[in-house]
Number of protein chains: 2
Amino acid sequence: MDVRTIPAHHARMPLARTVPPAAGFAPIAPDAAGMPLYRAVRREILRSIEDGSLAPGAALPNESELAATFNVAIGTLRRAVDDLVAEHILVRRQGRGTFVATHTRDRFLFQFFHVERCDGLREEPGVDLLSFERVRMDEDAAAALATRPGTPAFHFENRLTLQGTAVVHDRITVPAALFRGLTEKRLRERATTIYHLYQSEFGVTVVRAHERLRAVGADRASARALGVAPGQPVLEVRRTAIALGGRPVEYRVSTIVTAAHDYVNLLSRPA
Amino acid sequence: MDVRTIPAHHARMPLARTVPPAAGFAPIAPDAAGMPLYRAVRREILRSIEDGSLAPGAALPNESELAATFNVAIGTLRRAVDDLVAEHILVRRQGRGTFVATHTRDRFLFQFFHVERCDGLREEPGVDLLSFERVRMDEDAAAALATRPGTPAFHFENRLTLQGTAVVHDRITVPAALFRGLTEKRLRERATTIYHLYQSEFGVTVVRAHERLRAVGADRASARALGVAPGQPVLEVRRTAIALGGRPVEYRVSTIVTAAHDYVNLLSRPA
DNA sequence: CCCAATTTGTTCGTATGTATA
DNA sequence: TTATACATACGAACAAATTGG
């Protein structure tokens, strides 16, 4: 593979290096102008992940090697990696290496699951698949997923239980085009989190999401799924999940019974 | 002031420097053992802010000066500052300096106010003070504020309006001991955010918070304050705000009408 | 169990670019 | 324009964790 070096817009002339390119790293695009070097490096690493050269769980070349490949100082390389680690896209392990992050249960609980019992008990929810169908997107889903209404999609419902009680009812819409071959069977038989399934089976890596929360009266479907009276106040969370390239890939409406559980949110974390 | 240097547990012997100590920096505590140097530096800067040597809005000495004071490399100093900037405790401005963060409106909207109209419109809320009294803490407030029920406190209510509609009803409890001299008048006549008042008038700097959200039926007081029917589903947010030393300083129950507004939450931010 | 190799983590120091006053 | 301060980039050495012999 042809690997050009990142144009050095710093004064001290770096020595021409002859290190062979690490497999999977594309040359630097010419539009890096005006961007700090560490940003260009970050983008390059990102691109290698997005185009599949670096699969989830894969180890990156070690830092000095990577720095040599990009022809940047090790400090510059480290800064790029720092940023990607902060975004949960890479994971560093001292003594072992740097890896492309995978969607583990821990990450799911930490980053994407905010429900816990009032007394603070957190546990992984049990999941029941309630329905699965091929549909065409309604307006809400289409708007969230940046496509047109009517776009083919999969729609399925999950019921999450905590400590044996039904607490969350999820209605999930994903574009069919991104999840070819998704079946009820595969959803039901997965032994992992949904986002791990997206990642390992469809190459869709969710990296962030935004949510809008409202209090509503439970509709009939949610009430039945959750065993509460229709009209009872429940928390409705509409989440749009964003994948690696910045593309919205999942629209999810969660209905949460907050009788004995809370949605928890940390405003800034202590260091 | 007597400023000792941070004990260097690195191999290369740093030169003894004779830079005069920057005013307001306490000597390094001896329990820094095992802690990376940049953490010790961070803690030292924090302590200077907490003990008032560095007031909100104050400029820190420039980086080389600070590094010399602590007898660390500039990179190490910068890493400590990086962390404090990420926590919104310091603010860097290229060409100007590094400053202790203040509670501006922007910061309030960005970090502590999560309500916006369904269509995404964000604006600063209008505030009406509905009540103000001296009370003794109930169990909830006491638990949140890590004291005993019955502890003297101030309790006051705010109504927030967005685009002319009442949207949020706040019931706020703060320990009287931390806010000596707080009066209805001072609350009503402030020209700033509440957290700015805490900071500028009482030396209480809120740095983070945690929230627990639930859907409930509006109680009578909130229903009246917000002009909705009692029992209508509303979002209830119980927030505990944490000040600089890690001490909880405010317990707040917000009741939010989510008919035309949402509580928005970002799960991980793009870099 | 210990040792050596590997990899990230921390710390040092210097030079130059860029924004601000 | 000049001086100041943070921002970016360079490079080197050693510490600490991990792994495999």
Side-chain angles (χ1 to χ4, degrees), chain A residues 5-17 19 22 28 32-42 45 58-86 90-101, chain B residues 5-17 19 22 28 32-43 45 58-86 90-101 271:
Chain A
T5 58
I6 296 181
H9 53 247
H10 42 82
R12 199 187 310 186
M13 202 53 193
L15 281 68
R17 293 200 186 78
V19 175
I28 295 290
M35 186 191 290
L37 199 41
Y38 68 87
R39 291 287 291 175
V41 172
R42 167 186 173 280
I45 298 173
L60 272 68
N62 73 52
E63 296 180 341
S64 23
E65 207 175 311
L66 256 187
T69 302
F70 290 130
N71 197 21
V72 301
I74 191 153
T76 304
L77 184 275
R78 275 186 66 81
R79 167 119 194 219
V81 173
D82 282 345
D83 290 355
L84 292 168
V85 168
L90 296 181
V91 177
R92 279 209 182 97
R93 273 178 261 180
Q94 185 175 0
R96 298 197 45 201
T98 304
F99 305 84
V100 181
Chain B
T5 58
I6 295 182
H9 54 248
H10 42 82
R12 200 188 310 186
M13 201 53 194
L15 280 67
R17 293 200 186 77
V19 174
I28 295 291
M35 186 190 288
L37 199 42
Y38 68 87
R39 291 288 290 174
V41 172
R42 168 185 172 278
R43 212 191 45 178
I45 298 173
L60 271 67
N62 73 52
E63 295 181 341
S64 19
E65 206 175 312
L66 256 187
T69 302
F70 290 131
N71 197 20
V72 301
I74 192 157
T76 304
L77 184 275
R78 274 186 67 82
R79 167 119 193 219
V81 173
D82 282 345
D83 290 355
L84 291 168
V85 168
L90 295 181
V91 177
R92 278 210 182 99
R93 272 177 262 179
Q94 185 174 0
R96 297 199 43 203
T98 303
F99 305 84
V100 181

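Keep in mind it's a predicted model, so treat the numbers as computed, not measured. Residue numbering restarts at 1 for every chain, and letters A, B, ... go by the order of the sequence lines.
Atom CG of L77(B) is separated from atom CD1 of I45(B) by 6.0 Å, given to the nearest 0.5 angstrom. To the nearest 0.5 Å, atom CZ of residue F70(A) and atom OG1 of residue T76(A) are 12.0 Å apart. Here T98(A) contributes atom OG1 and L84(A) contributes atom CG; the two are 10.0 Å apart, rounded to the nearest 0.5 Å.
Distances from the side chain of E63(B) to the nucleotides dC6(D), dG9(C), dT10(C) place dC6(D) closest. Checking dA9(D), dT10(C), dC12(C) against the side-chain heavy atoms of Y38(A) singles out dA9(D) as nearest.
Put simply, CZ on R42(B) is 14 Å from P on dT10(C), counting in whole angstrom units. Atom P of nucleotide dA5(C) and atom CD of E65(A) are separated by 18 Å, given to the nearest angstrom. One interatomic measurement links the two molecules: CZ of R39(A) to P of dG17(C), which rounds to 22 Å at whole-angstrom precision. Between D82(A) atom CG and dT8(D) atom P the separation is 13 Å, expressed in whole Å. Remark: C1' of dG13(C) and CG of N71(B) are 13 Å apart, rounded to the nearest angstrom. R79(A) places its CZ atom 16 Å from the P atom of dT10(C), with the value rounded to the nearest Å. A straight line from CE of M35(A) to C1' of dG17(C) spans 17 Å, rounded to a whole angstrom. Atom pair L77(B):CG and dA5(D):P shows a separation of 13 Å (rounding to whole Å applied).
When heavy atoms are screened at a 4.0 angstrom cut-off, G75(B) is found touching no nucleic acid atom at all. Here I74(B) lies in heavy-atom contact (under 4.0 Å) with a base.
At the phosphate of dT8(C), neither OP1 nor OP2 sits under 4.0 Å from any side-chain N or O atom of R78(A). A sub-4.0 Å separation between OP1 or OP2 of dC10(D) and a side-chain N or O of T76(A) is present. Between T98(B) and the phosphate of dA5(D), there is no side-chain N or O to OP1/OP2 separation shorter than 4.0 Å.
Residue pairs that meet the salt bridge (charged side-chain N to carboxylate O under 4.0 Å, His left out) test with at least one member in residues 70-79 of chain B, sequence neighbours left out, are E63(B)-R78(B).
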So which protein nitrogen or oxygen atoms get under 3.5 Å of nucleotides 18-21 of chain C's nitrogens or oxygens?
unit_1: dT18(C); atom_1: O2; unit_2: Q94(B); atom_2: NE2; d: 2.9
unit_1: dA21(C); atom_1: OP1; unit_2: R96(B); atom_2: NE; d: 3.4

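With sequence neighbours left out, R39(A) forms a side-chain contact (heavy atoms from CB on, under 4.5 Å) with M35(A), P36(A), R42(A), A271(B).
A pairwise comparison of heavy atoms in A80(B) and V41(B) identifies CB-CG1, 3.6 Å as the closest pair.
In this structure, R92(A) and D82(A) have side chains that are in contact, with non-hydrogen atoms separated by less than 4.5 Å.
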